[in-house]
2 protein chains.
Amino acid sequence: MARIKISKEESRKELIIRSAATLFRKKGFKAASMRSLAEEVGVEASSLYNHIHSKPIILKEICFQVASQFLNEIQKIEESGASTLENVESLIRFHIRQMIENFEKVYVSDREWRYLQEPFLSQFREQRRLYRKRFAQIIQDGIDRGQITQIDPATAVLIMLHAIGGIEAWHRSKNKISGRELEENMVAILINGLKMKI
Amino acid sequence: MARIKISKEESRKELIIRSAATLFRKKGFKAASMRSLAEEVGVEASSLYNHIHSKPIILKEICFQVASQFLNEIQKIEESGASTLENVESLIRFHIRQMIENFEKVYVSDREWRYLQEPFLSQFREQRRLYRKRFAQIIQDGIDRGQITQIDPATAVLIMLHAIGGIEAWHRSKNKISGRELEENMVAILINGLKMKI
DNA sequence: CCTACCGATCGGTAGG
DNA sequence: CCTACCGATCGGTAGG
């Protein structure tokens, strides 16, 4: 019975976090009220606090959940032993798919993290900085091996990540091309942009 | 004397709008309070209302100021008679420079426009939609003429605009490369990504 | 999970 | 341009 209660609590909490992600994306963290979140979930605002600690802690859970997924993936890729350009492509594809399939949380983590409270704000910034550094290192390897054109790796990372963030506009548009087509088009442009000119 | 008074009023208003742009960028529109804006400007909150109508109207002024600059520029480029790839490059360079030199307003117009009130929200969305359509048309011309690789033009626009939005991260980073280098690197990657593979 | 409620802060107005 | 102030809304707590 204790087990059942715990698992119910857990799923309730996750429902709240998922609803919050959608709400934070739509309205922005500051403009999204706990009252509107409660309405979405179907309870009174005060009842939310039986499952979550506070509004900023919800944001923290979203941001760190997403961050750990990307850190796991880059770890796998670094250890893959594939060629650099393949590694860049894998990572880009992972970002694109996350942005398509796990849109609400990824978007919130990308755009609303600045409302994190300390010490989470600093921790998140640091994770982000290290992630980008590792991404830049993969690109640097590609330059060293002559697979990637002579560019500033940090700038390349910046372009990649933000370009992929643009999928937000795709979600909002009518007459979308398919997710598959979107992925192929983005990969084509971005990878082509990195390749050595011959 | 009336003329002097008016010109003083105007510059006071523009000071408020510039301060607001910086504040909206730093805190986000919702989190930025009129009281903190007043503090920045050096008056009491209530005194702001002698120069501006309301908080959302400040946002409107920022967004439409920026939008009209981009609309002017794309107009000039469409009429230039240059080759397609040159047109794309000109437009990208304009975006990059605006993002570097007119950062606060451009960033706010890019990220905070969703807090616009009707009817401005709809008007802004429509201007944006048309702008992107014109940008996509330039790329479509390039594809038709065989200068640009076979990709979805709307996706290409999405990538370009959001990649350039990434300059925000450049502003925030220490150890920046120079603005000039940034521009050249971004142009290199983005234009290279569009070009026909040979 | 709800009712009742709190202190803080918000955008904005009245009046001078 | 300021003092004084308003109603609305916010995140969150007490107590059951």
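Within every chain, numbering begins at 1; the chains are lettered A, B, ... in the order of the sequence lines, protein sequences first and strands thereafter. Bear in mind that the values here come from a model prediction, so they are computed numbers and not experimental data.
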| query | Within this structure, what is the NZ-to-P distance between Lys27(A) and dT9(D), rounded to whole angstrom? | reply | 13 Å
| Going by an N to O cut-off under 4.0 Å, is there a salt bridge joining Glu184(A) and Arg93(A)? | yes
| What's the CE-P distance between Met34(B) and dA8(D), to the nearest Å? | 20 Å
| query | Rounded to whole angstrom units, what separation is found between the NZ atom of Lys13(B) and the P atom of dC1(D)? | reply | 15 Å
| request: Starting from C1' on dC2(C), measure out to CZ on Arg35(A) and report it in whole angstrom. | output: 14 Å
| query | For Ala32(B), which contact category applies under a 4.0 Å heavy-atom criterion: base, sugar-phosphate, or nothing? | reply | sugar-phosphate
| Asn50(B) side-chain proximity, nearest of dG11(D), dG12(C), dC1(D) | dC1(D)
| query | Within less than 4.0 Å of OP1 or OP2 of dC2(D), is there a side-chain N or O belonging to Ser47(B)? | reply | yes
| message | If I take atom OH in residue Tyr49(A) and atom P in nucleotide dC2(C), what distance separates them, rounded to the nearest angstrom? | response | 14 Å
| task | Answer yes if the side chains of Gln127(A) and Gln123(A) hold a donor-acceptor pair under 3.5 Å, and no otherwise. | result | no
| request: Can you tell me the distance, in whole Å, between the NZ atom of Lys55(A) and the P atom of dG11(D)? | output: 4 Å
| message | Checking Glu168(A) against Arg172(A) for the salt bridge (Lys or Arg N to Asp or Glu O under 4.0 Å) test, could you report, in this order, the C-alpha distance in whole Å, the side-chain angles of both residues, the deciding distance, and whether it holds? | response | CA-CA 7 Å; Glu168(A) 170 251 346; Arg172(A) 284 190 289 101; 2.7 Å; yes
| field | dC2(C) OP1/OP2 closer than 4.0 Å to side-chain N/O of Ser46(A) | value | no
| Nucleotide nearest Val43(B) (side chain, heavy atoms from C-beta), chosen from dC1(D), dC2(C), dG11(C) | dC1(D)
| query | To the nearest angstrom, how far is Ile58(A) atom CD1 from dG12(D) atom P? | reply | 8 Å
| request: List in chain and number order the residues that pass side-chain hydrogen bond (donor to acceptor under 3.5 Å, both in side chains) with Ser83(A), two or more places apart in sequence or in another chain; answer none if no residue qualifies. | output: none
| said: Does Gln150(B), at its CD atom, have more than 12 non-hydrogen atoms belonging to other residues, nucleotides or ligands within less than 6.0 Å? | reply: no
| request: For the pair Glu86(B) and Arg145(B), evaluate salt bridge (Lys or Arg N to Asp or Glu O under 4.0 Å) and give the outcome as yes or no after the intermediate values. | output: CA-CA 13 Å; Glu86(B) 280 169 5; Arg145(B) 295 181 201 176; over 6 Å; no
| Rounded distance in Å - CZ (Phe29(B)) to P (dC10(C)) | 13 Å
| query | Paired stems touching DNA chain C, three or more consecutive Watson-Crick or G-U pairs with both distances under 3.5 Å? | reply | C:1-16 with D:1-16
| Is it true that the side chains of Gln69(A) and Glu73(A) contain a donor and an acceptor less than 3.5 Å apart? | no
